[in-house]
Amino acid sequence: MIKIARIDGDGIGKEVTEAGVAVLESLDLNFDFVEAEAGRECFDKNGTTIPEETIKTAKNAKATLFGAITSTPGQKSPIITLRQELDTYANLRPIKSFKGIDCLFDDLDFLIVRENTEGLYSGNETIDDANNKAIAQRVITKKASERISKLAFEQAIKLEKESVTCVHKSNVLKKTDGVFKDSFYKVAKDYPNIKTNDYYVDATAMYLLTKPQEFDVIVTSNLFGDILSDASAGLVGGLGLAPSGNIGDEHGLFEPVHGSAPDIAGNNISNPIAMLLSVSMMLEYLNEPYWAEKVKTACENVLEKGKVKTPDLGGNDKTMDVTNAVIKEIENLK
């Protein structure tokens, strides 16, 4: 029995998590889903965005499936908290073009590897009322930089990619991004068969719009990775098609990268594909490559056929209509 922590969250997080669970339950595998709370509704009910019991549940599970949450002003982020508590230090964001999807580029297949524990995105901020200023601390360590670089090279080998690109801003952030860049090239010496290069983050943003085909694996720091991965999703059809996996040495946390979309919540028109592709990544993490590939291929087939699609892709179908179409494709692939 595979224990999965299920955190639906808010808004459409509930809808897409239901879709993900439905697909998992359709497989010839035994799952034990343990529900836990996090997000805005959790705060309104319990006075905290993420209870200790939720963290404990995630730590005791083989993996965690996370829907989406609505941010709560002045309160800690549940997803950042979970990433830190589980030490899922790598955020993996595949960027892939799918047949049947109208997108800017139809020939992309690269991976962004984002350091998940340090930098500005870690939320280490203070208010200095006496001097009327706010301060955000950007900490970059050799240990974390080398760890994420090593994982990026290992992903390149696993995915049979030729190159790894380090993205930084060391011309301005000379100390912190100097550490990140130097750590990258130190690790690169252990992978002589993988091509390496590095770009400033602003140049990378331009190259993603002008020649994204050049990238195989990108490794970068926390905030840069968040921005570049969301921007890259726009190249291939939007966040409704963008999965992610947060990986550590002992835990895995999987989530679609879209938000809770309160404007459409409850209408059951959210696109479940990002969640279902995240499910595929979770199955890969759980050493179930057969089922991971089946789920991924089923999603691709549904998108290519274009018979069933949610409004964001130009259709009129419901979340579970697409989910059931994917389940049917999985059955056909067995």
Colleague: Taking all non-hydrogen atoms of both residues, which atom of Cys103 and which atom of Gly237 are closest, and how far apart?
Modeller: CB-N, 3.7 Å
Colleague: Can you tell me how far the CZ atom of Phe215 sits from the OG atom of Ser232, to the nearest 0.5 Å?
Modeller: 8.0 Å
Colleague: Say whether, by atom type as modelled, one donor and one acceptor occur between the side chain of Thr117 and the main chain of Tyr89 under 3.5 angstrom.
Modeller: no
Colleague: For the atom pair CG (Asp44) and CG (Asn46), what is the distance rounded to the nearest 0.5 Å?
Modeller: 9.5 Å
Colleague: Is there a chain of hydrophobic side chains (I, L, V, M, F, W, Y, each step under 4.5 Å between heavy atoms) that links Met281 to Ile4?
Modeller: yes
Colleague: Are the side chain of Lys14 and the backbone of Gly9 linked by a donor-acceptor contact shorter than 3.5 Å?
Modeller: yes
Colleague: Measure the shortest side-chain to side-chain distance between Leu241 and Ile101 over non-hydrogen atoms and say whether it is less than 4.5 angstrom.
Modeller: yes
Colleague: If you define the side chain from C-beta out and look only at heavy atoms, does anything of Ile218 sit under 4.5 Å from Tyr199?
Modeller: no
Colleague: Would you say Leu277 and Lys96 make side-chain contact, with heavy atoms under 4.5 Å?
Modeller: no
Colleague: Any donor and acceptor pair, going by atom type alone, linking the side chain of Asp8 with main-chain N or O of Gly13 inside 3.5 Å?
Modeller: no
Colleague: Could you tell me whether Asp32 atom CG has more than 12 heavy atoms of other residues or ligands within 6.0 Å of it?
Modeller: yes
Colleague: With the side chain counted from C-beta on, respond yes when Asn332 and Asn301 share a heavy-atom pair under 4.5 Å apart, and no when they do not.
Modeller: no
Colleague: Test: side-chain hydrogen bond (donor to acceptor under 3.5 Å, both in side chains). Region: residues 144-162. Which pairs qualify, not counting sequence neighbours?
Modeller: Asp87-Arg147, Glu146-Lys186, Lys150-Tyr191, Glu154-Tyr191
Colleague: Can you check whether Asp177's main-chain N or O pairs, donor with acceptor, with Ser170's side chain at less than 3.5 Å?
Modeller: no
Colleague: With heavy-atom distances below 4.5 Å as the criterion, would you say the side chains of Asn91 and Asn246 are in contact?
Modeller: yes
Colleague: Ignoring hydrogens and angles, state whether a donor on the side chain of Ser229 or Arg93 is under 3.5 Å from an acceptor on the partner side chain.
Modeller: yes
Colleague: Is it the case that the side chain of Ser260 and the backbone of Gly11 share a donor-acceptor pair, with hydrogens and angles ignored and the cut-off at 3.5 Å?
Modeller: no
Colleague: Looking at Met1, is its backbone amide N or carbonyl O close enough to the side chain of Asn30 to form a donor-acceptor pair, meaning the two atoms are under 3.5 Å apart?
Modeller: no
Colleague: Rounded to the nearest 0.5 Å, how far does CG of Asn324 lie from CG of Asp317?
Modeller: 11.0 Å
Colleague: Backbone N or O of Ile273 within a donor-acceptor pair of the Asn271 side chain at under 3.5 Å?
Modeller: yes
Colleague: Are Met275 and Leu283 connected into the same hydrophobic cluster when the rule is that any two of I, L, V, M, F, W, Y join if their side-chain heavy atoms are below 4.5 Å apart?
Modeller: yes
Colleague: Do any N or O atoms from the side chain of Asp10 and from the backbone of Glu41 form a donor-acceptor pair under 3.5 angstrom?
Modeller: yes
Colleague: How far apart are the closest heavy atoms of Val167 and Phe180, and which atoms are they?
Modeller: O-CE2, 4.1 Å
Colleague: Does Lys294 make a cation-pi contact with Tyr290 (under 6.0 Å, within 45 degrees of the axis)?
Modeller: yes
Colleague: Is it true that the side chains of Ser270 and Glu15 contain a donor and an acceptor less than 3.5 Å apart?
Modeller: yes
Colleague: Quick one, Leu29 and Leu24 - any side-chain contact, counting heavy atoms below 4.5 Å?
Modeller: no
Colleague: How long is the straight-line distance from OG1 of Thr196 back to CD1 of Ile194, given to the nearest 0.5 Å?
Modeller: 9.5 Å
Colleague: Going hydrophobic residue to hydrophobic residue with side-chain gaps under 4.5 angstrom, can you get from Leu303 over to Val236?
Modeller: no
Colleague: Compare all side-chain heavy atoms of Ser77 with those of Ser71 and state whether any distance is below 4.5 angstrom.
Modeller: no
Colleague: Salt bridge between Glu255 and Arg83, side-chain N to carboxylate O under 4.0 Å?
Modeller: yes
Colleague: Report yes or no: do Asn268 and Thr319 form a side-chain donor-acceptor pair below 3.5 Å?
Modeller: no
Colleague: Find the distance between NZ (Lys76) and CD1 (Ile80) and round it off to the nearest 0.5 Å.
Modeller: 12.0 Å
Colleague: Under a 3.5 Å distance rule, please check whether Glu118 uses its side chain to pair with a backbone N or O of Thr141 as donor and acceptor.
Modeller: yes
Colleague: Could you check if a side-chain atom of His168 sits within less than 4.5 angstrom of a side-chain atom of Phe184, using non-hydrogen atoms only?
Modeller: no
Colleague: State yes or no: do Leu108 and Leu159 share one hydrophobic cluster built from I, L, V, M, F, W and Y residues joined by side-chain heavy-atom distances below 4.5 Å, directly or via other members?
Modeller: no
Colleague: Among side-chain atoms of Thr310 and Asp312, is any donor-acceptor pair under 3.5 angstrom?
Modeller: yes
Colleague: Check the pair Lys296, Glu284 against salt bridge (Lys or Arg N to Asp or Glu O under 4.0 Å), reporting the backbone distance first and the verdict last.
Modeller: CA-CA 10 Å; Lys296 179 182 176 183; Glu284 184 74 28; over 6 Å; no
Colleague: CD/Glu288 to OG/Ser280 distance, rounded to the nearest 0.5 angstrom?
Modeller: 12.0 Å
Colleague: Would you say CG of Asp263 has more than 12 non-hydrogen atoms from neighbouring residues, nucleotides or ligands within 6.0 angstrom?
Modeller: yes
Colleague: Do the numbers put Arg138 on top of the ring of Phe224, so that NZ or CZ is under 6.0 Å from the six-membered ring centre and no more than 45° off the axis?
Modeller: yes
Colleague: Under the 3.5 angstrom rule, does the side chain of Lys45 hit a backbone N or O of Cys42 as a donor-acceptor pair?
Modeller: no
